[in-house]
Protein chains: 2
Amino acid sequence: METRRDIFQAIADPTRRAIIALIALQALTPNAIAEHFDTTRQAVSKHLRILTECELVKQEYKGREIYYQLEIEKMKEIDKWIEQFRKIWETRFNQLDNVLATMKKQKK
Amino acid sequence: METRRDIFQAIADPTRRAIIALIALQALTPNAIAEHFDTTRQAVSKHLRILTECELVKQEYKGREIYYQLEIEKMKEIDKWIEQFRKIWETRFNQLDNVLATMKKQKK
DNA sequence: CTTTTGCGCAACCAGGTATTTGCACATATA
DNA sequence: TATATGTGCAAATACCTGGTTGCGCAAAAG
């Protein structure tokens, strides 16, 4: 599996999205994360591997424990992609605004 | 494949993201969309089916042609999910701002 | 009416995915 | 040192995905 990891693919899985939201607030170990889900630690470990590969997550070693935390900056990549569409829906909102303004004028 | 379609899964595929960006500007037929990619019309049709299933795309029938256009409102769902993280990185930015302000004060 | 064009659908296939189970290794703890 | 704990990795497996090919059907064109 030498597939280049992609952030959009990373957030496609619902479990992975839940993990992301979970470790956004505080760093957690794989065992601690697994306790929040109905799945094995190994499965969580695999998800963390994928998240690490696309640099969405960073590890911090503490003895034999490994704390995983979200690399929040990476999330901006998604935000950046959404921006082009935000521009569109804001433009449409403004257009609606203009329509309303015109109606008001005509009422006058 | 009675899988409930998910918007995050829909945007996971790079071709699908490209289609989304393409039809965000103007409605296009499957053939017209396929011309933009190195793939068959049928493959595009499959992507459109997935996009339609999760209501990211709407169809408009015009004779034997079908125009597909982005349902831009649906994109806000992604934006909504990102928002929780935006809050976090904005908070951190403000914290950095405070640090800088404190440094400035001390310089005085 | 016959042919062309635009389309969706079903079958098929190679490759990817998520999960479980079993293992090896390192670090704590007794 | 012996045992328990935390972890990643590998193999097996059932399922999902994206793509192609071939088909049938409806609308336009001849």
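Because the structure is a prediction, the values reported are computed rather than measured. Every chain is numbered from 1, with letters handed out A, B, ... down the list of sequences.
Residues meeting the side-chain contact (heavy atoms from CB on, under 4.5 Å) test with B:Glu55, sequence neighbours left out: B:Lys74. Residues satisfying the side-chain contact (heavy atoms from CB on, under 4.5 Å) criterion with B:Arg86, sequence neighbours excluded, are A:Asp79, A:Arg86, B:Asp79, B:Ile82, B:Glu83, B:Trp89, B:Glu90. Taking A:Lys58 as the reference, A:Glu71 meet the salt bridge (charged side-chain N to carboxylate O under 4.0 Å, His left out) condition, with sequence neighbours excluded.
Counting to the nearest Å, the P atom of C:dG16 and the CD atom of B:Gln9 are 17 Å from each other. What separates CG of B:Leu48 from C1' of C:dG6 is a distance of 13 Å, to the nearest Å. D:dG8 atom C1' lies 15 Å from atom CG of A:Leu51, rounded to whole Å. Note: OH (B:Tyr68) to P (C:dG6) measures 15 Å, nearest angstrom. Counting to the nearest Å, the C1' atom of D:dT17 and the CZ atom of B:Phe8 are 20 Å from each other. Between B:Asp6 atom CG and D:dC16 atom C1' the separation is 14 Å, expressed in whole Å. The CD1 atom of B:Ile50 sits 14 Å away from the C1' atom of C:dG8 (whole-angstrom rounding). For the pair A:Gln59 CD and D:dC9 P, the computed distance is 9 Å after rounding to whole Å.
Between B:Thr39 and D:dT20, a side-chain N or O to OP1/OP2 separation shorter than 4.0 Å is present. For the pair A:Arg49 and D:dG8, the criterion of a side-chain N or O lying under 4.0 Å from OP1 or OP2 is not met. For B:Thr40 and D:dG19, the shortest distance from a side-chain N or O to OP1 or OP2 is not below 4.0 Å. A close approach under 4.0 Å does occur between a side-chain nitrogen or oxygen of B:Asn31 and OP1 or OP2 of C:dC7. Residue A:His47 has no polar side-chain atom (N or O) positioned under 4.0 Å from OP1 or OP2 of C:dT17.
Using a cut-off of 4.0 Å between Lys/Arg side-chain N and Asp/Glu carboxylate O, A:Lys76 and A:Glu73 are scored as salt-bridged.
Here the CZ atom belonging to A:Arg64 is positioned 11.0 Å from the OG1 atom belonging to A:Thr29, to the nearest 0.5 angstrom. In this structure, CG on A:Leu48 lies 10.5 Å from CZ on A:Arg41, to the nearest 0.5 angstrom.
Remark: the B:Lys46 side chain and the C:dG8 base include no donor-acceptor N/O pair separated by less than 3.5 Å.
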Inset, instruction - With side-chain contact (heavy atoms from CB on, under 4.5 Å) as the test, would you mind laying out the steps for A:Ile78 and A:Met75 before giving the verdict? - result: CA-CA 6 Å; A:Ile78 300 165; A:Met75 296 296 286; 4.3 Å; yes
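Looking at residues 15-30 of chain A, you'll see A:Thr29, A:Pro30 sit with a heavy atom under 4.0 Å from some atom of DNA chain D.
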Legend entry - Base versus backbone protein contacts along nucleotides 22-30 of chain C [heavy-atom cut-off under 4.0 Å; B, S, -]: B----BS--
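Counted within 6.0 Å of CD on B:Glu60, heavy atoms from surrounding residues, nucleotides or ligands total 12 or fewer; the atom is thus considered open.
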Atom pairs and distances, side-chain donor-acceptor, residues 11-28 of chain B, under 3.5 Å, sequence neighbours left out:
{"residue": "B:Asp13", "atom": "OD2", "partner": "B:Thr15", "partner atom": "N", "Å": "3.1"}
{"residue": "B:Asp13", "atom": "OD2", "partner": "B:Arg16", "partner atom": "N", "Å": "3.1"}
{"residue": "B:Arg16", "atom": "NE", "partner": "B:Ala10", "partner atom": "O", "Å": "2.9"}
{"residue": "B:Arg16", "atom": "NH1", "partner": "B:His47", "partner atom": "ND1", "Å": "3.1"}
{"residue": "B:Arg16", "atom": "NH2", "partner": "B:Gln9", "partner atom": "O", "Å": "3.2"}
{"residue": "B:Arg17", "atom": "NH1", "partner": "B:Ile11", "partner atom": "O", "Å": "2.8"}
{"residue": "B:Arg17", "atom": "NH1", "partner": "B:Ala12", "partner atom": "O", "Å": "3.2"}

